[in-house]
Every structure is written in structure tokens, then in C-alpha cells.
S.K.: 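Take a look at this one; I'll ask things after.
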Amino acid sequence: RLPTLLERIRRTAAAAIAEAPDVVVLIDSPDFTHRVARKIRAAVPSVPIIDYVSPTVWGWRPGRARAMRAYFDHVLAVLPFEPAAHARLGGPPCSYVGHPLIERFADLRPRPEDALQREFSRNVLLLPGSRTSEVTRLMPLFGDAAARLAGEVPGVAFQLPVVPHVRPAVEAAIASWSVKPDLVEGEAGKWQAFRRARAALAASGTVTLELGLSGVPMVAAYRVSALEERIVRAVIQVSSVILPSLILDEKVVPELLQKDATAEAMARELLPLVVGGPARDAQLAAFERLDRAMQVPHDSPSAAAA
């Protein structure tokens with residue numbers, strides 16, 4: 001599909017140039033948008049070009065930061081440590097405008113009836129990811145971990161938010177589970193499950209930030225193929241892959257990666273988060289600091305970006 005993609009880049013840049021814009025704002029998707037930015041800069045050097053959502057220059061391929069100075073005038077970052085990262089790496093001027101999840105606080109934060117459920121029930125979220133490859137690798141482990149936890153914690157119940165395109169794979173996986181989770185579909189159902197959850201077992205990714213902002217203690221687990229692991233270990237520049245830990249610059253969430261991501265370890269780390277104790281209290285305290293770290297002095301990230 002490379003010819004199609006290159007044509008899309010050319011046409012997008014040409015359409016932007018034809019509009020004679022006062023400013024160009026390109027959003028995320030750096031493999032696409034940065035190529036568009038370079039074409040616009042070459043054709044119309046005087047037009048300011050803004051990058052909304054920084055690429056992960058702090059995590060891998062740090063040389064991208066300095067390269068961006070040639071075709072971006074400013075970066076609007078959604079993670080609070082990114083302006084310092086761009087300054088350190090020689091990137092363009094960068095401002096933290098807040099993460100879009102801040103605008104979902106009403107959905108994420110427990111209401112009084114949710115707080116009671118969270119305190120007195122033993123609902124555990126299972127979040128194996130939204131890609132079929134993630135589901136295939138993690139679901140057998142999550143099922144085994146759920147069964148182990150159920151053997152230790154009477155009355156524990158599991159909810160699994162699922163997106164439509166992976167639901168068939170999820171249903172096939174749980175058919176053999178001894179402990180069946182309730183499948184939750186749709187945004188409203190997902191957020192209600194977050195507000196009422198006592199703890200969570202999650203694949204790494206943005207969902208860990210959603211859980212942190214919702215105040216749900218979690219265990220993060222992830223597995224990739226052997227080839228992907230070799231590539232990642234060669235280029236990764238950070239000590240954690242969990243967003244709350246990166247933002248707070250401390251390891252606040254247990255990370256079970258690759259060979260460490262066993263069902264036994266998942267259940268062992270989840271147990272104190274469900275029954276309560278120092279491990280649970282430490283995560284809850286960290287998530288209060290996460291709230292403060294993510295704040296912006298504006299009504300919303302959208303307003304700050306504008």
C-alpha cells in the first residue's frame with residue numbers, strides 16, 4: 001500500500017497549501033503528519049506549523065526531536081514531562097496543554113453510588129487490549145490469573161470491556177475459562193465499570209492512564225513476539241512503559257512484561273490490590289499526585305491548545 005500512502009501524503013499537503021492557511025495544525029500520527037509538514041514547509045516556508053500530540057521522542061528514536069525543528073514551529077504536548085524532554089533533546093518549543101482524558105473526568109470519577117460499589121464489592125477489570133494480537137497473547141494468561149484470584153478471594157467478580165472488532169476473539173477465549181467475566185460493550189458501560197472497579201489487570205497503554213485518573217489500582221502486563229522484544233530492547237529509552245509511572249517518574253504500578261507476565265505473578269500482584277493494604281494505599285496516593293501532575297491552568301486541554 002506504499003504508493004497509496006505516499007499519494008495520500010502528497011494530496012493532503014497540496015490541499016493544505018491550496019487553502020493559503022494562516023497556520024497549520026497537524027494532529028498525532030507522526031509517520032503521516034510529519035511527512036505532510038515537511039512538504040508544506042518546503043512549499044510555504046512562512047506558514048507556522050503546529051504539532052498537536054508529541055511523538056514519543058522521550059521513549060525511542062530521540063533524534064526525531066531535533067529533526068522536527070526544521071518543519072514544526074511549536075509542539076502542543078499531552079503529557080506533562082514532554083516540554084522538558086524536547087528541551088533536553090533539542091526539539092522545537094513545546095507546551096503542555098493537558099491530556100484529552102482530563103475532559104472525561106465526569107466519566108472517570110466515581111459518583112457516590114459508584115464509590116460504595118468500589119469500596120464494598122470486589123469487581124476486577126480485565127483489559128487485555130484492543131488489538132487481536134494483544135487479545136490472542138494475553139487472554140489465556142488473564143483467564144488463568146482470574147481463576148487463581150477467584151480461588152483466593154471469595155465473591156470476586158470480573159468485568160471485561162470489549163470493542164466490537166475483537167469481541168469474537170474474546171468470546172472464543174473465555175469459552176474455556178473456569179471463571180467467566182461479564183463482557184461490557186460501549187463507552188457508557190466501560191466508564192461505569194471503571195468507576196465501580198476495585199482493581200484492574202491491564203495491558204500497557206493509554207488504558208493505564210485512564211485507570212490512574214479513575215483511581216483504580218492496577219497490575220500492568222504485556223507480551224510481544226520475540227522479534228518485537230529484540231527491537232524494543234534495542235531502541236527503548238525509558239525505564240517504564242506505564243504512563244502513570246512515566247508521568248510521576250517513579251514505578252507506581254507493577255509491570256509484568258514478557259517472561260515475567262505469568263498468570264501466577266498477575267494473581268499474586270492483584271491480590272493485595274483487591275483485599276486492601278499498603279500496596280493498594282500506595283497506588284491510590286500516587287494517583288492523587290498524578291491528578292496534580294496532569295492539571296492545566298485552563299478550563300480544558302482543548303481550550304489550552306486553542
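Computed over heavy atoms, backbone and side chain alike; hydrogens, waters and symmetry mates excluded. Because the structure is predicted, anything quoted here is derived from the model rather than measured.
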S.K.: Please say whether more than 12 non-hydrogen atoms of neighbouring residues, nucleotides or ligands are located less than 6.0 Å from CZ in R131.
M.R.: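 No, not enclosed.
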
S.K.: Once ring pair (Phe, Tyr, Trp, His ring centres under 6.0 Å) is applied, what residue pairs with a partner in residues 82-115 remain, sequence neighbours excluded?
M.R.: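 Ring pair (Phe, Tyr, Trp, His ring centres under 6.0 Å) check on residues 82-115 returns no pairs.
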
S.K.: Return yes when atom CD of E19 has more than 12 non-hydrogen atoms of other residues, nucleotides or ligands closer than 6.0 Å, and no otherwise.
M.R.: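 For E19, atom CD is not crowded (no more than 12 foreign heavy atoms under 6.0 Å).
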
S.K.: Measure across A203 and L138 and return the closest heavy-atom pair with its distance rounded to 0.1 Å.
M.R.: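 That would be CB-CD1, 3.7 Å.
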
S.K.: Tell me whether R35 contacts the main-chain N or O of D31 through its side chain, where contact means a donor paired with an acceptor under 3.5 Å.
M.R.: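 Confirmed, R35 side chain pairs with D31 backbone.
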
S.K.: Does the R118 side chain pair with the main chain of F194, one donor and one acceptor, at a distance under 3.5 Å?
M.R.: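 Yes; judged by distance alone, with no hydrogens or angles, the pair exists.
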
S.K.: Measure from the side-chain N and O atoms of E134 to the backbone N and O of S130, and report whether any donor-acceptor pair falls under 3.5 Å.
M.R.: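 Checking the backbone N and O of S130 against the side chain of E134, a donor-acceptor pair under 3.5 Å is found.
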
S.K.: Is there a path from V36 to L5 through hydrophobic residues (I, L, V, M, F, W, Y) whose side chains come within less than 4.5 Å of each other?
M.R.: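 Each belongs to a different hydrophobic cluster.
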
S.K.: Does T56 offer a backbone N or O that forms a donor-acceptor pair with the side chain of R64 under 3.5 Å?
M.R.: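 Yes, R64 side chain to T56 backbone: donor-acceptor pair under 3.5 Å.
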
S.K.: Using modelled atom types and a 3.5 Å cut-off, is there a donor and acceptor pairing between side-chain atoms of R66 and backbone atoms of G91?
M.R.: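 Side chain of R66 to backbone of G91, a donor-acceptor pair under 3.5 Å: no, none is there.
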
S.K.: According to a 4.5 Å side-chain heavy-atom criterion applied to Ile, Leu, Val, Met, Phe, Trp and Tyr, with indirect links allowed, do L116 and V216 form part of one hydrophobic cluster?
M.R.: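 No: no chain of side-chain contacts under 4.5 Å links L116 to V216.
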
S.K.: Might you work through the side chain to side chain contact (heavy atoms under 4.5 Å, CB included) test for L209 and I247, ending with a clear yes or no?
M.R.: CA-CA 10 Å; L209 185 56; I247 292 165; 3.9 Å; yes

S.K.: Roughly how far apart are M266 CE and R268 CZ, rounded to 0.5 Å?
M.R.: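 Going from CE on M266 over to CZ on R268, the span is 11.0 Å.
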
S.K.: Output the distance between atom CG (L201) and atom CD (E269), rounded to the nearest 0.5 Å.
M.R.: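 Atom-to-atom, L201:CG and E269:CD are 11.0 Å apart.
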
S.K.: Pairs of donor and acceptor atoms involving the side chains of residues 181-190, under 3.5 Å and at least two apart or interchain, shall be tabulated with distances.
M.R.:
{"from": "E185", "atom 1": "OE1", "to": "R167", "atom 2": "NH1", "distance (Å)": "3.0"}
{"from": "E187", "atom 1": "OE1", "to": "R104", "atom 2": "NH1", "distance (Å)": "3.4"}
{"from": "E187", "atom 1": "OE1", "to": "R104", "atom 2": "NH2", "distance (Å)": "3.1"}
{"from": "E187", "atom 1": "OE1", "to": "W191", "atom 2": "NE1", "distance (Å)": "3.4"}
{"from": "K190", "atom 1": "NZ", "to": "E210", "atom 2": "OE1", "distance (Å)": "3.1"}

S.K.: What are the two closest non-hydrogen atoms of A150 and V179, and how far apart are they?
M.R.: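 That would be CB-CG2, 3.9 Å.
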
S.K.: Any side-chain donor-acceptor pair under 3.5 Å between Y222 and E255?
M.R.: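 Short answer, no.
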
S.K.: Is L160 close to F142 at the side-chain level, that is, under 4.5 Å between some pair of heavy atoms?
M.R.: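 No, every pair of side-chain atoms sits at 4.5 Å or beyond.
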
S.K.: Show me the side-chain donor-acceptor pairs of residues 276-287 shorter than 3.5 Å, one per line, residues at least two apart or across chains.
M.R.:
{"from": "R280", "atom 1": "NH1", "to": "R198", "atom 2": "O", "distance (Å)": "2.7"}
{"from": "R280", "atom 1": "NH1", "to": "L273", "atom 2": "O", "distance (Å)": "2.8"}
{"from": "Q283", "atom 1": "OE1", "to": "M218", "atom 2": "N", "distance (Å)": "2.9"}
{"from": "Q283", "atom 1": "NE2", "to": "M218", "atom 2": "O", "distance (Å)": "2.9"}

S.K.: Any chance CD of E103 has more than 12 other-residue heavy atoms, nucleotides or ligands included, within less than 6.0 Å?
M.R.: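 Result for CD/E103: enclosed.
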
S.K.: Is it true that a side-chain atom of S95 and a backbone atom of L76 form a donor plus acceptor pair closer than 3.5 Å?
M.R.: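 The answer is no, because no donor-acceptor pair under 3.5 Å joins these two groups.
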
S.K.: Salt bridge between R41 and D73, side-chain N to carboxylate O under 4.0 Å?
M.R.: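 Salt bridge present between R41 and D73.
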
S.K.: Are the side chain of T33 and the backbone of I27 linked by a donor-acceptor contact shorter than 3.5 Å?
M.R.: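 The answer is no, because no donor-acceptor pair under 3.5 Å joins these two groups.
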
